[in-house]
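Single-structure report; data block below.
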Amino acid sequence: MTKLEQIEKSVAELSPEELKAFAAWFEALQADMWDRQMEADAKAGRLDRLAEQALSDHRAGRTRPL
């Protein structure tokens, strides 16, 4: 049995309360991983082109207040 299969089996056996707690933990984990990836991408300059395009659009009047 693979590690993933073991995890799937364990998750399937959780009580409703445990599943709710696991889901909240997993959602927080995914959000943290996404934040770290965005931070790494920003530091590496991979978002610079997108930021410049957004600023260019704003300067050209192609944006509106939220």
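In this view, R62 and D57 satisfy the salt bridge (Lys or Arg N to Asp or Glu O under 4.0 Å) rule, not counting sequence neighbours. Not a single salt bridge (Lys or Arg N to Asp or Glu O under 4.0 Å) links D48 to another residue, sequence neighbours left out. R59 is linked by a salt bridge (Lys or Arg N to Asp or Glu O under 4.0 Å) to E52, counting only residues two or more places apart in sequence or in another chain. Annotation: side chain to side chain contact (heavy atoms under 4.5 Å, CB included) contacts of L29 (sequence neighbours excluded): W25, F26, M33. Taking E27 as the reference, nothing meets the salt bridge (Lys or Arg N to Asp or Glu O under 4.0 Å) condition, with sequence neighbours excluded.
For the atom pair CD (E5) and CD (E8), the distance works out to 7.0 Å, reported to the nearest 0.5 Å. Within the model, atoms CZ of F22 and OG of S15 stand 13.0 Å from one another, a figure rounded to the nearest 0.5 Å.
Hydrophobic clustering (ILVMFWY, side-chain heavy atoms < 4.5 Å, transitive): V11 and L4 are in distinct clusters. Under a hydrophobic-cluster definition in which Ile, Leu, Val, Met, Phe, Trp and Tyr are linked whenever side-chain heavy atoms come within less than 4.5 Å, directly or via other members, M38 and L50 are assigned to the same cluster.
Applying the salt bridge (charged side-chain N to carboxylate O under 4.0 Å, His left out) test to every pair with at least one member in residues 11-25, sequence neighbours left out, gives these pairs: K9-E13.
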